[in-house]
Amino acid sequence: MRRKGLASMAVQSVEPSTTSVDLGPAAALSCRECGERFPLSPIFACALCFGPLEIAYELPAGDPEALRRRIEAGPANIWRYAPLLPVPADVADKPGLNPGFTKLVKADNLARELGVTGGLYVKDDSGNPTHSFKDRVVAIAVEAARAFGFTTLSCSSTGNLAGAVGAAAARAGFRSCVFIPHDLEAGKVVMAAVYGGDLVGIEGTYDDVNRFCSELIGDPLGEGWGFVNVNLRPYYGEGSKTLAYEICEQLGWRLPDQIVVPIASGSQLTKIDKGLKELVALGLVEDRPYRIFGAQAEGCSPVSRAFKDGHDVVRPVKPDTIAKSLAIGNPADGPYVLDIARRTGGAVEDVTDEQIVDAIRLLARTEGIFAETAGGVTVGVTKKLIEDGVLDPSLTTVVLNTGDGLKTLDAVAAGPTATIRPSLEAFRAAGLAAG
């Protein structure tokens with residue numbers, strides 16, 4: 001009953017004009033469950049079966065080599081892939097943060113530590129404007145908000161998204177009002193607040209915040225508001241595809257054999273899979289098997305639990321983990337994650353908070369990358385999957401780091417190796433002179 005109510009609100013909340021919408025190759029909204037199609041508009045659930053909606057495209061046809069050259073000649077950000085995204089052709093000329101095309105780091109030192117021989121890479125999205133992958137999804141949502149005439153950008157967030165929305169709204173000329181759980185990490189709160197928009201703490205978990213935002217959409221108070229991960233969710237989610245596009249281009253236009261992706265709502269993993277399939281369909285990469293692995297924290301691991309138990313239903317949990325950016329106890333795309341992991345021969349695994357911290361330190365020590373807790377989850381799960389014989393160390397593997405460790409400083413205790421007087425004698429006495 002509740003799901004039907006939310007879908008009804010999603011359909012009824014289309015206030016801005018939906019005529020003459022220019023979102024490039026986006027042709028319609030399509031229900032992931034029943035396949036029913038709807039005109040491009042700010043809705044997120046099917047009016048017939050209440051399933052989630054996603055973008056259906058009319059993608060470029062013709063010579064793959066010509067499309068590849070067009071992409072390579074584009075800007076060094078996600079707009080190089082504009083022909084494959086729900087954005088207007090002139091998107092790169094509009095005021096925005098222009099995220100993407102972050103480093104794909106060949107992690108040879110980490111590979112030696114983990115016993116990987118087939119090539120190990122870290123896709124480091126901490127290099128985005130607000131230091132997380134959320135800049136990608138928000139950039140796409142901003143274009144949808146422009147197209148539908150919204151004046152306020154909003155979201156429910158575990159932290160990174162709040163900062164990304166605040167920054168993108170400031171740059172693009174929108175008002176912003178974002179909602180977060182009241183007990184987020186201090187670094188994420190400051191980063192969300194500094195851009196001048198309204199930041200509202202909600203007493204409760206992320207799932208409580210998300211429910212509140214769904215109610216606000218159905219109320220006159222929410223008129224003119226674009227919630228990037230609710231009524232703009234079909235567009236927003238497409239930003240995660242650019243991770244797949246970049247990884248393949250940076251690997252020389254080839255698919256990775258294995259990829260390890262963190263799971264919060266599960267949308268990122270499902271859209272990475274969608275992006276890989278699109279590249280194959282367009283002839284931009286050779287069609288061959290790949291495996292997708294999902295990574296969760298043990299303290300919020302409903303998808304991992306369902307995978308291990310052989311279930312198709314993901315049972316909600318109450319989060320209790322330091323990986324707050326992944327602390328979504330009722331992940332909307334959880335069942336689709338299970339389908340993808342099983343279809344590709346992957347898996348969904350989880351690690352403890354202690355293992356997360358160890359993995360953050362391991363990545364920092366071996367590759368000079370300071371990951372936030374979600375990155376500790378993916379590295380920790382990668383290590384565990386290799387040790388358990390699930391992930392093949394002889395294959396090319398890509399691990400995602402989706403954010404900067406400076407946002408989650410409370411998770412890792414670190415400080416000076418020694419504190420000494422300013423003299424050579426004191427330095428020698430500390431035993432640090434020998435390298």
Side-chain angles (χ1 to χ4, degrees), residues 22-30 32 35 37 40 54-93 98-106 118-119 121 123 125 133 136-137 139-140 143-144 234-261 267-292 336 339-340 343-346 395-398 400:
D22 176 15
L23 290 175
L29 294 175
S30 176
R32 207 185 302 183
R37 289 165 74 96
L40 296 173
E54 61 181 6
I55 308 295
Y57 290 94
E58 294 176 358
L59 291 174
D63 182 6
E65 288 298 327
L67 178 56
R68 191 180 290 121
R69 288 192 298 269
R70 178 181 174 185
I71 290 171
E72 291 173 344
N77 54 55
I78 62 172
W79 304 136
R80 69 200 284 114
Y81 307 110
L84 312 180
L85 296 170
V87 295
D90 64 348
V91 62
D93 299 327
N98 301 327
F101 221 64
T102 54
K103 292 180 180 179
L104 183 68
V105 178
K106 193 168 190 300
Y121 297 83
K123 181 59 172 170
D125 247 23
F133 93 95
R136 297 174 181 271
V137 290
I140 307 295
E143 296 310 310
Y235 311 90
Y236 158 96
E238 296 295 285
S240 290
K241 295 192 312 181
T242 61
L243 281 161
Y245 298 158
E246 289 177 20
I247 289 168
C248 290
E249 182 178 354
Q250 290 168 324
L251 287 175
W253 291 108
R254 64 185 178 91
L255 295 169
D257 297 315
Q258 303 172 136
I259 183 167
V260 184
V261 183
S267 175
Q268 183 185 67
L269 188 148
T270 64
K271 292 304 187 290
I272 286 174
D273 179 62
K274 184 179 181 183
L276 296 177
K277 291 192 293 184
E278 286 176 353
L279 293 182
V280 170
L282 290 164
L284 293 174
V285 297
E286 179 185 353
D287 186 8
R288 59 188 183 84
Y290 59 84
R291 304 170 73 197
I292 296 183
Y336 303 106
D339 292 343
I340 291 167
R343 190 195 79 231
T344 65
L395 299 178
T396 300
T397 304
V398 177
L400 267 59

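Heads up: numbering here begins at 1 and tracks the sequence.
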Distance only, no hydrogens: is a donor on one side chain within 3.5 Å (strictly under) of an acceptor on the other, for [X] and [Y]?
X: T102; Y: R136; result: yes
X: S240; Y: Q268; result: no
X: Y57; Y: E278; result: no
X: Q250; Y: K103; result: no

(message) Between R80 (side chain only) and P75 (backbone N and O only), is there a donor and an acceptor less than 3.5 Å apart?
(response)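 Checked: pair present.
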
(request) Check whether any side-chain N or O of D273 sits under 3.5 Å from a backbone N or O of G275 as a donor-acceptor pair, and report yes or no. (result)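 A pair under 3.5 Å: no.
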
Test item: [X] and [Y] side chains (from C-beta on) under 4.5 Å apart, heavy atoms:
X: V105; Y: Y121; answer: no
X: P256; Y: I247; answer: yes
X: R291; Y: D257; answer: no
X: Y235; Y: L29; answer: yes

(request) Check whether more than 12 heavy atoms from other residues, nucleotides or ligands sit under 6.0 Å from atom CZ of R32, and answer yes or no. (result)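 Above 12, so yes.
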
(message) Does I140 form a side-chain contact (heavy atoms from CB on, under 4.5 Å) with I78? I'd like the steps, not just the answer.
(response) CA-CA 10 Å; I140 307 295; I78 62 172; 4.2 Å; yes

Assess whether a salt bridge exists between [X] and [Y], defined as any Lys/Arg side-chain N lying under 4.0 Å from an Asp/Glu carboxylate O.
X: R254; Y: E286; result: no
X: R68; Y: E65; result: yes
X: K274; Y: E238; result: yes

